[in-house]
Amino acid sequence: MSGEHDLPPSPIFATVDFERDGAQHGFLRLPYSRDDSAWGSVLTPITVVKNGDGPTALLTGGNHGDEYEGPIALFDHARSLAPDAVSGRVIIVPALNYPAFRAGTRTSPIDRGNLNRSFPGSPTGTPTQKIADYVTRVLLPKAHYVLDFHSGGKTLDFLPFAAAHILDDKAQEAACFAAVEAFGAPYSVKMLEIDAVGMFDTTAEERGKIFVTTELGGGGSATARSVGIARRGVEGFLKHSGILSGPAEIRPTRWLDMPGADCFTFSEIDGLFEPLVDLGDSVTKGQKIARAWPVDRTGVEPFEFWAKMDGVLAARHFPGLVKAGDCVSVIGVLED
């Protein structure tokens, strides 16, 4: 993009050679001087598996540090993916915001940076901005296909879905939705973002990449089912890209649309959250879907949340206490 080539070089150094055939396991080394290590570094694990010419897929997890399906699947694939199975190149970063991943937090404990709101980043900014800049200026230009894993973290729980965004470039949009279908999650979403500024998604899409993201669960943990979806999704995504050979297993998916702001409901109070419908349940416009009980006194009525549209409950607040401003539900519309 305009102006990016005028920036100073990234301070991050890769210990792997992106152009060498074979499987390499190394680090992205970000110098980070701190009280307990004057010449210290953040060492983010990275794997590159390359075999000849062909497309490149960039696979990332841990963009938020409390979301685990992606890191589990990608640490596994980094261990097991053999060069002779690949035509092209796979770049795997299982825990992209490594400080947040090690702390088990959404944002970085170093600078409180939310990596997925820090793109395109800066080589002279905070550590989180430096990571975003390296992805933008070094990793993304190498990639044709990008898969960035997410789930709900500690404060949301989702129906397991893969997603792509509505784009102005309809050919790119169609290619992204085809890759979503190849991922093969139980649900697939035409995504509407409520806060798209600074996202990895937007940065990749603006550069013409085939970009897929996910929401595979939540609650600050993972399940055997959600990890299985992630593992199989990587294989389907790589086969769809032509990097892995052989037919992809066709897994049925149900398409969900998020047509507008009425999909989202936010709390106006602090309280004790009581869901009245479960994930995947059908809801109708005007239906009561949750309540929040005031916790500072007894004998008062709860605050009630109502569906603003017909659809299915695609996401809900997690865990039991809610704060004013929290997203408490997301409703999606099943396509025929």
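- Side-chain N or O atoms of Arg29 include none that pairs as donor or acceptor with a backbone N or O of Thr44 at under 3.5 Å.
- For Asp36, the CG atom sits in a packed shell: over 12 heavy atoms of surrounding residues, nucleotides or ligands are nearer than 6.0 Å.
- The nearest pair of heavy atoms linking Val212 to Ala179 is CG2-CB, 3.6 Å.
- By the neighbour-count criterion of 12 heavy atoms within 6.0 Å, atom CD of Glu304 is densely surrounded, having more than that number from other residues, nucleotides or ligands.
- The neighbour count for Asp168 CG, taken as heavy atoms of other residues, nucleotides or ligands under 6.0 Å away, does not exceed 12.
- Of the charged side-chain nitrogens involved, at least one lies within less than 4.0 Å of a carboxylate oxygen, so that Glu67 and Arg106 count as a salt-bridged pair.
- With Thr214 contributing its side chain and Leu216 its backbone, the two residues share no donor-acceptor pair below 3.5 Å.
- Judged purely by atom type and a 3.5 angstrom limit, Asp21 uses its side chain to pair as donor or acceptor with the backbone of Gly52.
- The residues Arg207 and Glu205 are annotated as not salt-bridged, no charged nitrogen and carboxylate oxygen being separated by less than 4.0 angstrom.
- Under the rule for a side-chain contact (heavy atoms from CB on, under 4.5 Å), the partners of Val197 that lie at least two apart in sequence or sit in another chain are Asp195.
- When hydrophobic clusters are built by joining Ile, Leu, Val, Met, Phe, Trp and Tyr residues whose side-chain heavy atoms come closer than 4.5 Å, directly or via intermediates, Met191 is not grouped with Leu167.
- In this model, a donor atom of one side chain and an acceptor atom of the other lie less than 3.5 Å apart for Asp111 and Thr128.
- Between the side chain of Lys308 and the backbone N or O of Phe264, at least one donor-acceptor pair lies under 3.5 Å.
- Side chains of Asn97 and Asn63: no donor on one and acceptor on the other come within 3.5 Å.
- A salt bridge links Glu173 with Lys170: the distance from a Lys NZ or Arg NE/NH1/NH2 to an Asp or Glu carboxylate oxygen falls below 4.0 Å.
- Tyr187 has its ring centre no less than 6.0 Å from the ring centre of Trp255.
- In this structure, the side-chain contact (heavy atoms from CB on, under 4.5 Å) partners of Ala222, at least two apart in sequence or on a different chain, are Tyr68, Glu69, Ile72, Ser226, Val227.
- Defined by atom type and a distance below 3.5 Å, a donor-acceptor pair is present between the side-chain atoms of Asp148 and His150.
- The hydrophobic clustering, which links ILVMFWY residues whose side-chain heavy atoms are closer than 4.5 Å, places Val180 and Val146 apart.
- A pairwise comparison of heavy atoms in Pro123 and Pro11 identifies O-CD, 3.6 Å as the closest pair.
- Every residue two or more places apart in sequence or in another chain that forms a side-chain contact (heavy atoms from CB on, under 4.5 Å) with Ala95 is listed here: Tyr98, Phe101.
- Asn51 and Val86 make their closest contact through ND2-O, 2.8 Å (heavy atoms, listed as atom of the first residue, atom of the second, distance).
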Checking Lys130 against Asp133 for the salt bridge (Lys or Arg N to Asp or Glu O under 4.0 Å) test, could you report, in this order, the C-alpha distance in whole Å, the side-chain angles of both residues, the deciding distance, and whether it holds?
CA-CA 5 Å; Lys130 290 174 180 176; Asp133 170 74; over 6 Å; no
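- Across all non-hydrogen atoms, the minimal contact from Leu256 to Gly332 is CD2-C, 3.8 Å.
- Classification of Glu19 and Lys50 as a salt-bridged pair fails, no side-chain N sitting under 4.0 Å from a carboxylate O.
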Kindly indicate, with the supporting measurements, whether the criterion side chain to side chain contact (heavy atoms under 4.5 Å, CB included) is fulfilled by Val283 and Asp310.
CA-CA 6 Å; Val283 300; Asp310 296 343; over 6 Å; no
Apply side chain to side chain contact (heavy atoms under 4.5 Å, CB included) to Leu30 and Ser41, showing your working.
CA-CA 5 Å; Leu30 168 61; Ser41 299; over 6 Å; no
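- Counting only heavy atoms from C-beta outward, the side chains of Asp201 and Asn116 approach each other to under 4.5 Å.
- At least one donor-acceptor pair under 3.5 Å links the side chain of Arg34 to the backbone N or O of Tyr32.
- Side-chain atoms of Lys209 come within 3.5 Å of backbone atoms of Ala143 as a donor-acceptor pair (strictly under, hydrogens ignored).
- In this structure, Lys142 forms a cation-pi arrangement with Phe18, its terminal cationic atom sitting closer than 6.0 Å to the ring centre and no more than 45° off the ring axis.
- For the residue pair Arg316/Ser329, the side-chain donor-acceptor check at 3.5 Å is not satisfied.
- Between Asp326 and Lys323 there is no salt bridge, since none of the side-chain N atoms of the basic residue sits less than 4.0 Å from a carboxylate O of the acidic one.
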Side chain to side chain donor-acceptor pair (under 3.5 Å) between Thr105 and Thr107: does it pass, once the steps are laid out?
CA-CA 5 Å; Thr105 55; Thr107 62; 5.1 Å; no
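- With a 6.0 Å radius and a threshold of 12 heavy atoms from other residues, nucleotides or ligands, Arg102 has its CZ atom at or below the threshold.
- Side chain of Thr265 to main chain of Val328: no donor-acceptor pair is present (N/O by atom type, distance under 3.5 Å, no hydrogens or angles).
- Heavy atoms of other residues, nucleotides or ligands lying less than 6.0 angstrom from CZ of Arg291 number more than 12.
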Show, in sequence, the C-alpha distance, side-chain angles and deciding distance for Val333 and Met309, and conclude whether the side chain to side chain contact (heavy atoms under 4.5 Å, CB included) test is met.
CA-CA 9 Å; Val333 179; Met309 56 186 289; 3.3 Å; yes
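- Checking side-chain atoms of Asp270 against main-chain N and O of Ala324 turns up a donor-acceptor pair under 3.5 Å.
- Considering every non-hydrogen atom in both Gln129 and Thr126, the closest pair reads OE1-N, 2.8 Å.
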Given Trp293 and Glu274, is the side chain to side chain donor-acceptor pair (under 3.5 Å) satisfied, shown in steps?
CA-CA 8 Å; Trp293 292 88; Glu274 178 191 0; 2.8 Å; yes
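- Evaluated for a side-chain contact (heavy atoms from CB on, under 4.5 Å) with Ser282, the options Val312, Leu334, Ile331 yield exactly one hit, Val312.
- Looking only at distances, no side-chain donor or acceptor of Asp157 sits under 3.5 Å from a matching main-chain atom of Ala315.
- Inter-residue side-chain proximity for Cys327 and His317 is flagged as unmet; no heavy-atom pair is nearer than 4.5 Å.
- Around the CD atom of Glu335, the shell of radius 6.0 Å holds more than 12 heavy atoms that belong to other residues, nucleotides or ligands.
- In this structure, Phe161 and Ser188 have side chains that are not in contact, with every pair of non-hydrogen atoms separated by 4.5 Å or more.
- A donor-acceptor pair is defined here as one N or O able to donate and one able to accept, closer than 3.5 Å; such a pair exists between the side chain of Ser267 and the backbone of Ile269.
- Centroid-to-centroid, the aromatic rings of Phe200 and Phe119 come within less than 6.0 Å.
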Run the numbers on Lys239 and Glu235 for salt bridge (Lys or Arg N to Asp or Glu O under 4.0 Å), then give the verdict.
CA-CA 6 Å; Lys239 286 184 175 179; Glu235 181 178 346; 3.0 Å; yes
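- Leu43 and Ile91 fall into different hydrophobic clusters, where Ile, Leu, Val, Met, Phe, Trp and Tyr side chains are chained together by heavy-atom contacts under 4.5 Å.
- The shortest heavy-atom contact between Gly286 and Trp306 is O-CE3, 2.8 Å.
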